[in-house]
Number of protein chains: 2
Amino acid sequence: MVAGPLPAPSGPGKDRLRLWVRLLRASRSIEAELRERLRQEFNTTLPRFDVMAALYRAPEGMLMSDLSRFLLVSNGNVTGIVDRLVSEGLVARARRNGDRRTSMVRLTEEGSKTFAVIAAAHESWIGELLGNVSEDEARRLTGMLNSFRSNWEGRE
Amino acid sequence: MVAGPLPAPSGPGKDRLRLWVRLLRASRSIEAELRERLRQEFNTTLPRFDVMAALYRAPEGMLMSDLSRFLLVSNGNVTGIVDRLVSEGLVARARRNGDRRTSMVRLTEEGSKTFAVIAAAHESWIGELLGNVSEDEARRLTGMLNSFRSNWEGRE
DNA sequence: GCAAATTATTTCAAGCTTGAAGTTTCATAA
DNA sequence: TTATGAAACTTCAAGCTTGAAATAATTTGC
């Protein structure tokens, strides 16, 4: 990935390839910047933020497998991140709810407060980092990105 | 990141936030699919592919720091990936070139042949995964992505 | 020349990530 | 019942990733 801008190849399919390369470089750049700021300002990480963001939207809690599906990461991965959030007191596992295999995961009160602060900063960072995109352009881009999502979504 | 489609919040900056979420989900989905195929079909990984792609475009070789800068990953990271590629015989380090701190890294002949095969498959996968995007639309999207890159690029 | 700063790289610990294998629990049905 | 299969998680090894510290080599300023 991240093949570069130098030779500018042409041919059938090259435009899609170039699009993919740009897409990847864009998201990697932004991710890197966000990761850095989360670390510096809040001493946390992107995966923790992702998990907390998902849980913030689900006050009733989520199953581990819900989290895994929603965040597009593996089951085992979520286990580790939630473990760390639990040890930080930001998240709690609630066993017992009929099915003893599952555990409802939710933000603690502290987790919820902490997340609200971080999320506000996060949103303003995005506004800054995507400052060159007008709100109107953002809507159009979002629509275009949406359109080609269906092509592979729900495959695996 | 990867906050979801459910509540659809609004307000200033929300469109940029939504754009970022879509961008991230799109690239993660595609990355996951590519990773899976690289593993299944070629028994390799995305980071290895990235390094080989960079080197393929630089027959004269690249410094470790060039690779790191180009791929947007840390120095230490490149060391590990190149180590593995070297042990697989796909890449070679050539010390001695005036400055004894540096090492020119380049594809071996086998590495070059191997990469050509994988790259062909990779390009056709992209064509397939981005099949919903017309070539024309791809060019426009690429342009838009390009436009907001300058905003943070060259920061760190 | 030579100390100090800079540059290129590696090493390291901690955390993220995956896919596969293992555990526990639940559901089904013979 | 009870086995057998499926589902929800966890564990694990291997690899990726980062930022910081350590090494080594070069360059700069005096």
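A:Met104 places its CE atom 13 Å from the P atom of D:dA8, with the value rounded to the nearest Å. Straight-line distance from the CE atom of B:Met52 to the P atom of D:dC16: 13 Å, rounded to whole Å. Rounding to whole angstrom units, CG of residue B:Asn75 and C1' of D:dG19 are separated by 11 Å. When rounded to the nearest whole Å, the span between CG of B:Leu67 and C1' of D:dT17 equals 16 Å. Computed from coordinates, the A:Arg35 CZ to D:dG19 P distance equals 6 Å when rounded to whole Å. Atom C1' of nucleotide D:dC16 and atom CD of B:Glu36 are separated by 17 Å, given to the nearest angstrom.
Nucleic acid contact class of B:Ser74 (heavy atoms, under 4.0 Å, all strands): base. Residue contacts shown for A:Arg48 are limited to sugar-phosphate atoms, with no base heavy atom under 4.0 Å away. Base engagement by A:Thr79 is indicated by at least one non-hydrogen atom pair under 4.0 Å involving a base atom.
Looking at which nucleotide of DNA chain D each of A:Gln40 and A:Val78 is closest to, the 5′-most match is held by A:Val78. With DNA chain D read from its 5' end, the first of the two nearest nucleotides for A:Arg39 and A:Thr102 is the one closest to A:Thr102. Residue order along DNA chain C, read from the 5' end via each residue's closest nucleotide, puts A:Gly76 first among A:Asp99 and A:Gly76.
Distances from the side chain of A:Arg93 to the nucleotides C:dC26, C:dC16, D:dT10 place D:dT10 closest. In the set D:dT10, C:dC16, C:dT9, the nucleotide with an atom closest to the side chain of A:Met64 is D:dT10. In the set D:dT18, D:dA6, C:dG19, D:dA6 carries the atom at the smallest distance from any side-chain atom of A:Arg101. Each of D:dA8, D:dG19, D:dG15 was ranked by its minimum atom distance to the side chain of A:Ser65; first place goes to D:dA8. Comparing D:dT10, D:dT17, C:dT10 by their nearest atom to the side chain of B:Pro47 picks out D:dT17. Listed nucleotides C:dT18, D:dT17, D:dC9 differ in distance to A:Val73; the shortest reach to its side chain belongs to C:dT18.
Within the cation-pi definition used here (under 6.0 Å to the ring centroid, within 45° of the axis), A:Arg25 qualifies as a partner of B:Phe70.
Residue B:Arg100 places at least one side-chain N or O closer than 4.0 Å to OP1 or OP2 of D:dT26. Look at A:Thr45 and you'll find a side-chain N or O under 4.0 angstrom from OP1 or OP2 of C:dC16. Taking 4.0 angstrom as the limit, B:Asn77 places none of its side-chain polar atoms (N or O) nearer than this to OP1 or OP2 of D:dC16.
Aromatic rings from B:Phe49 and B:Phe42 are positioned such that their centres are separated by 6.0 Å or more.
A 4.5 Å side-chain heavy-atom check between B:Arg106 and B:Pro59 finds every atom pair outside the cut-off.
Hydrophobic clustering keeps A:Leu63 apart from A:Met52 (ILVMFWY residues linked when any side-chain heavy atoms are closer than 4.5 Å, directly or through intermediates).
Contact detail for A:Ala116 and A:Tyr56: the closest heavy-atom pair is CB-OH, 3.9 Å.
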